[in-house]
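For reference, the structure is listed below as C-alpha cells.
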Amino acid sequence: MSEPISALNGAVYKEGIAEIIALDPIGMISIRGDLTAGYLKKPLKKIAGVDMPEQRGINATASTGIAWMSPDELLLMCPYTDVTANLETLHKSIGSNHALAVNVSDARAVFRLKGKHIREVLAKLAPVDTAPGVFVPGMIRRTRLAQVPAAFWMVDAETAELVCFRSVAQYVFDLLKVAAQPGSEVGHF
C-alpha cells in the first residue's frame, strides 16, 4: 500500500488573523442509509466511540468522529490506517440491508483553522451564521465556501476544521488565506 499524501503537502498560513493548516489525510467513510437502523448505529458507535449525532451535529474525539451530513448520510472519520478494517466491519453489519459505506478518504482534503478570528474567516466565505451563541462545538454545517461545497465544524472556541473535495484543495486554501489576510478583522464577533 502506498503512503497517503496530503493534497497540499502540509501547507500552512500563519501571517493573517487566523492560522490555516492543511492536515495530513484522515480516514473518511461516507455512509448512506437508514440512520436509525441498529445495523448502522451499533458498529458506528463501536468504531468511533461516540454516539450518533443529532441533525446538523458532529460527535468526535481527537482521532474519530461521526458527522451528520444529510437525513440519510453520515461521515465517519477515523485514522487513515483504520479505514479498511472499519469498512469491513460496516459491510458485515449492513449485510443485505439497503445501505452504502464507501471510502472517500483520498477524495477529500481537511483544513484546521486556529485563532480568535476564525468565525469571521468562515463567515466571509459561507452563508452560515457563525455567531458564538448560534454555531457552537458539536455542530457541523454542510454548505458552500465561495463556489465549492464544503463542511465545517467548531472543535473549540478558537479551532475549526473544514473538509472539501481534494480537487479544490488549493482553491479553498487560497480562499481561506484571502479571508484571513492581515488587517481583515471585521470585529463582528
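Only a predicted model underlies this, so the values are computations on that prediction, with no experimental measurement involved. Positions are given from 1 along the sequence.
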### Task
Please test Leu75 against Trp68 for side chain to side chain contact (heavy atoms under 4.5 Å, CB included), starting from the C-alpha separation and ending with a verdict.
CA-CA 7 Å; Leu75 182 65; Trp68 182 93; over 6 Å; no

### Task
Kindly give the heavy-atom pair with the smallest separation between Leu23 and Glu161, and that separation in Å.
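Reported closest heavy-atom pair: CD1-OE2, 4.1 Å.
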
Within a 6.0 Å radius of atom [atom1] on [X], are there more than 12 heavy atoms belonging to other residues, nucleotides or ligands?
{"X": "Tyr171", "atom1": "OH", "value": "yes"}
{"X": "Ile5", "atom1": "CD1", "value": "no"}
{"X": "Glu54", "atom1": "CD", "value": "no"}

#### Entry: Within one Ile-Leu-Val-Met-Phe-Trp-Tyr cluster: Leu122 and Phe111, side-chain cutoff 4.5 Å
yes

### Message
Using the rule that Ile, Leu, Val, Met, Phe, Trp and Tyr join whenever any side-chain heavy atoms are under 4.5 Å apart, tell me whether Val155 and Val50 fall into a single cluster.
### Response
no

Kindly say whether [Y] contributes a backbone atom to a donor-acceptor pair with the side chain of [X] at under 3.5 angstrom?
{"X": "Thr64", "Y": "Ala60", "result": "no"}
{"X": "Asn97", "Y": "Ala99", "result": "no"}
{"X": "Ser93", "Y": "Leu40", "result": "no"}
{"X": "Arg119", "Y": "Phe135", "result": "yes"}
{"X": "Asp82", "Y": "Cys78", "result": "no"}

#### Entry: Flag side-chain contact, heavy atom, 4.5 Å: Val148 against Val172
yes

### Test item: Phe173 and Ile20 side chains (from C-beta on) under 4.5 Å apart, heavy atoms
yes

Are [X] and [Y] within salt-bridge range, i.e. N to O under 4.0 Å?
{"X": "Asp51", "Y": "Lys45", "result": "yes"}
{"X": "Glu73", "Y": "Arg142", "result": "yes"}
{"X": "Lys124", "Y": "Glu120", "result": "no"}
{"X": "Glu158", "Y": "Lys116", "result": "no"}

### Message
Quick one, Asp72 with Ser70, criterion side-chain hydrogen bond (donor to acceptor under 3.5 Å, both in side chains). Give me CA distance, side-chain angles, the key distance, then yes/no.
### Response
CA-CA 5 Å; Asp72 69 344; Ser70 74; 3.1 Å; yes

#### Entry: Asp174 and Tyr13: side chain donor to acceptor below 3.5 Å
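No, no side-chain donor-acceptor pair sits under 3.5 Å.
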
### Message
For a quick check under 3.5 Å, do Asp156 and Thr159 share a side-chain donor-acceptor pair by atom type?
### Response
yes

### Task
Show your working on side chain to side chain contact (heavy atoms under 4.5 Å, CB included) between Met28 and Leu76 and close with a plain yes or no.
CA-CA 6 Å; Met28 288 183 259; Leu76 170 66; over 6 Å; no

### Query
Step by step, would you call Ile29 with Ile31 a side chain to side chain contact (heavy atoms under 4.5 Å, CB included)?
CA-CA 6 Å; Ile29 299 172; Ile31 298 146; 4.0 Å; yes

